[in-house]
Visitor: 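The structure's right below; bear with me while I get my questions together.
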Amino acid sequence: MRFSKMFIPTMREVPSEAEAISHKLMLRAGYVRQLAAGLYIFLPLGWRVLNRINKILKEEMEAIGAQEISMPILHPAEIWQKTGRWYEIKDEMFRLKDRTDRDMCLGMTHEEIMTWLASKEIRSYRQLPQIWYQIQTKLRDEARPKSGVLRTREFIMKDSYSFDTDEDGLEKNYKSHAYAYHKIFKRCGLKFYQVESDPGMMGGATAHEFMAPSPAGEDEIILCDKCGYTANVEVAHSVSPAIKDLKWNYEEVYTPQKKTVKEVSEFLSIEPAYFIKSLLFMAAEGPVLVLIRGDQELHEKKLARIIGQFRTALREEVMSTLGVEAGFIGPMGHKLRILADSILREGTYITGANKADYHIKGIKPHVHFEAEWHDLHIAKEGDHCYRCNTLIRAEKVIEIGNIFKLGIKYSVPLNAVFLDRNGQEKPMVMGSYGIGPSRIAAAAVEQNYDKDGIIWPKSIAPFDIEIIPININDNKTLEVMEVLYEGLTKNSMDVLIDDRDERPGIKFKDADLIGIPVHIVIGEKNLKDNQIEIKNRRTKEIRKVSIENAVSEAIAFFQEI
RNA sequence: CGGGGCGUAGCGCAGCCUGGCUAGCGCACCUGCCUUGGGAGCAGGGGGUCGGAGGUUCGAAUCCUCUCGCCCCGACCA
């Protein structure tokens, strides 16, 4: 491909709206353009990258027996109504009506439609298992699209769905997807982790996410380097640092106007970890008191999994429920549901006295209060691994893939059933598995760049090799350029020639920006010695080779990378 | 949806507070000359409803009101 014939609008300056590295570089290097918030155009270079990623996806999906199909993006509402998601999902779903006033929506994911298809077509256990996948556009009316191509309202997703006769079959397909995903992300040149995750509204008990470490990531994971425990903070367990049991006697202390843990802790010169924070929430079942240690933070999602949707109690509700103002609440003597973080099972603490301006020192679990014990705190760096007690660390990550065991969540409402060996009707056992190709691309950029631009992993670069003729008006240069281009192309290398009549500086800068892994520089000086240069974009290593050997050397050089 | 910021040429910005001459600068773009190993130089040139609407004023990029868009933080994220 010739640069002069390809639309590669590079920019010297970064558009001011871009913040994330991948966003800046993909704009500057001419890979994408923004149409509106969360809507991106993939330009020729960007589209080539996506296609390379998709090719890897297809190969690895086919390798585990998945079959590619293509489903509509426009869905009738009835199917989504049957599973209930039409009502559960709110503004996130794009909804519309057709000309006959029929409710429709744009697909944010395809569990419903895939299950519908299975319900129509699969009758017998003999037809199972099936794995169907597609690489298809998804539409989600995101509250806040951000970071360029990382979070958009319309994006392409590789989504696959497995249908099995039983849990064992699902387990097998779940595992083979995990295996395929490892291969895919490895082939794409990404650093990544597989972590335990929250199944969320997808339902089912088990889910994992594939996470590419990057400061631009929106998610955070917890890692234990010793035992290998990795989990999304949304579900991560941890053991907060141990504290001594100071065995104070139960006594009231005067703490005028000191309400927050920080204030009382400073006032009494006692570490926050010796305090119990008492928080009142209003759930569907009524008020619930939640206790966590002073140095912990409540994980609202963990709490929501236990008591359902809730909100913070208003000042008046605290007063009417507990008879004390917020800031001096203690867990003693109340008749309501009390949940406490498990760490509070042991020790002696300080807490509100249920009386304005007073705290209680010396409160002990089981003696002065009872509670349901749960993991309610946010795991963070400095905590210990709940499995092996080693110090854990946290990392920012980009979610690039996920796998869910769905079970029969969708097959039951949509009546996707089959007859088993004994002629018994049973719901299919399902799994769903997603990968975002544009997130792979963005994560690859986030993990591979320098001050000059992108450094693509060679498996997903838009081209393998870029040829840079220094002076396009030199006949010898042109001649060598054509010979190399032909030679490399014949050996199935994807080659971009910068045949523009531009100054060398511009070509070098653009080449570095665009980030093709290998550059071949043809200059008049080296030609006099019958040589050309082969350069590694990442390391800047340059190898001079003779023109005769240039093709084979360049290929070898590419393969070494 | 809550908080903050920004909309002036393709990109990056100045001008706005304190209203006033033809709306300016760098890069990019076009023409010519020159130049060719890391975003050259000289000369000439094109491109703007100052996001939009309404208002105040003799006069609005500038002041006021409304509105639209984009970005960032948070909430949300199937």
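Each chain gets a letter, A, B and so on, in the order the sequences are listed, and its residues count up from 1.
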Visitor: Heavy atoms only, 4.0 Å cut-off, all strands: where does A:Q34 land among base, sugar-phosphate and nothing?
Guide: sugar-phosphate
Visitor: In a check of side-chain contact (heavy atoms from CB on, under 4.5 Å) between A:V545 and each of A:N526, A:I520, A:I534, which one passes?
Guide: A:I534
Visitor: If we call it a pair only when both distances are under 3.5 Å in a Watson-Crick or G-U wobble match, what pairs with B:rG41?
Guide: B:rC33
Visitor: Between atom CG in A:L35 and atom C1' in B:rC71, what is the gap in whole Å?
Guide: 16 Å
Visitor: In whole angstroms, how far is the C1' atom of B:rU36 from the CG atom of A:D498?
Guide: 13 Å
Visitor: Choose from B:rU36, B:rC72, B:rG37 the nucleotide whose nearest atom is closest to any side-chain atom of A:E19.
Guide: B:rC72
Visitor: Roughly, in whole Å, what's the span from CG in A:L478 to P in B:rU36?
Guide: 16 Å
Visitor: Taking NE2 from A:H519 and P from B:rG37, how many angstroms apart are they, rounded to a whole number?
Guide: 18 Å
Visitor: Could you give the CD-to-C1' distance, from A:E524 to B:rU35, as a whole number of Å?
Guide: 12 Å
Visitor: Salt-bridge test for A:K175 and A:E171: reply yes if a basic N is under 4.0 Å from a carboxylate O, no otherwise.
Guide: yes
Visitor: Of A:M93 and A:I472, whose nearest nucleotide on RNA chain B comes first from the 5' end?
Guide: A:I472
Visitor: What is the nucleic acid contact for A:R153, judged by heavy atoms within less than 4.0 Å: base, sugar-phosphate only, or nothing?
Guide: nothing
Visitor: Using a 4.0 Å heavy-atom cut-off, does A:A36 contact any base of the nucleic acid, only the sugar-phosphate backbone, or nothing at all?
Guide: sugar-phosphate
Visitor: Nearest to the side chain of A:P15, heavy atoms from C-beta on, is which of B:rG37, B:rC11, B:rC70?
Guide: B:rC11
Visitor: Under 6.0 Å between the ring centres of A:Y410 and A:W116?
Guide: no
Visitor: Which nucleotide sits closest to the side chain of A:A37: B:rG39, B:rC71, B:rG38?
Guide: B:rC71
Visitor: How close or far is atom P of B:rG10 from atom CD1 of A:I41, stated in whole angstroms?
Guide: 16 Å
Visitor: B:rC73, B:rU36, B:rC27: which one has an atom nearest the side-chain heavy atoms of A:R12?
Guide: B:rC27
Visitor: So what does A:E92 touch, heavy atoms closer than 4.0 Å: a base, only the sugar-phosphate, or nothing?
Guide: base
Visitor: Quick one: look up who B:rG12 pairs with, Watson-Crick or G-U, both distances under 3.5 Å, and put none if it's unpaired.
Guide: B:rC25
Visitor: Applying a 4.0 Å non-hydrogen cut-off, can you work out what A:S147 is touching in the nucleic acid: base, sugar-phosphate, or nothing?
Guide: sugar-phosphate
Visitor: Just compare B:rG37, B:rC11, B:rU36 and give me whichever is closest to any side-chain atom of A:M11.
Guide: B:rC11
Visitor: Given that both distances must come in under 3.5 Å, which nucleotide forms a Watson-Crick or G-U wobble pair with B:rC6?
Guide: B:rG69
Visitor: At 4.0 Å (heavy atoms only), tell me whether A:K540 reaches a base, stays on the sugar-phosphate, or touches nothing.
Guide: nothing
Visitor: Touch check for A:E234, heavy atoms < 4.0 angstrom, all strands: base, sugar-phosphate only, or nothing?
Guide: nothing
Visitor: Rounding to an integer number of Å, can you tell me how far A:D219 CG sits from B:rC76 P?
Guide: 12 Å
Visitor: Can you find a side chain N or O atom of A:S16 that sits less than 4.0 Å from OP1 or OP2 on B:rC13?
Guide: yes
Visitor: Tell me if the side-chain of A:D474 makes a donor-acceptor pair with the base of B:rU36, cut-off 3.5 Å, by modelled atom types.
Guide: no
Visitor: How do A:P504 and A:E399 order along RNA chain B: which one's closest nucleotide is nearer the 5' end?
Guide: A:P504
Visitor: To the nearest 0.5 Å, what is the distance between OH (A:Y174) and CG (A:L170)?
Guide: 8.5 Å
Visitor: Give a yes/no answer on whether the side chain of A:K146 brings an N or O atom under 4.0 Å of OP1 or OP2 in B:rC73.
Guide: yes
Visitor: What I want to check is whether an N or O donor and acceptor connect the side chain of A:D510 with the base of B:rG39 at under 3.5 Å.
Guide: yes
Visitor: Any chance you could lay out the salt bridge (Lys or Arg N to Asp or Glu O under 4.0 Å) test for A:R537 and A:D450, step after step, and finish with the verdict?
Guide: CA-CA 10 Å; A:R537 165 67 185 88; A:D450 63 16; 2.8 Å; yes
Visitor: Examine A:W132 together with A:F163 and report whether their ring centres are nearer than 6.0 Å.
Guide: yes
Visitor: Of the listed nucleotides (B:rG37, B:rU35, B:rC71), which one gets closest to any side-chain atom of A:R503?
Guide: B:rU35
Visitor: To the nearest angstrom, how far is A:Q309 atom CD from B:rC76 atom P?
Guide: 10 Å
Visitor: Any N or O donor-acceptor pair under 3.5 Å from the base of B:rG37 to the side chain of A:K509?
Guide: no
Visitor: Looking at A:K458 and A:D464, does any basic side-chain N land under 4.0 Å from a carboxylate oxygen?
Guide: no
Visitor: Select one nucleotide: of B:rG38, B:rG74, B:rC70, the one nearest the side-chain heavy atoms of A:D512.
Guide: B:rG38
Visitor: Just compare B:rG39, B:rC11, B:rC73 and give me whichever is closest to any side-chain atom of A:E13.
Guide: B:rC11
Visitor: Using a 4.0 Å heavy-atom cut-off across all strands, classify A:D91 as base, sugar-phosphate, or nothing.
Guide: nothing
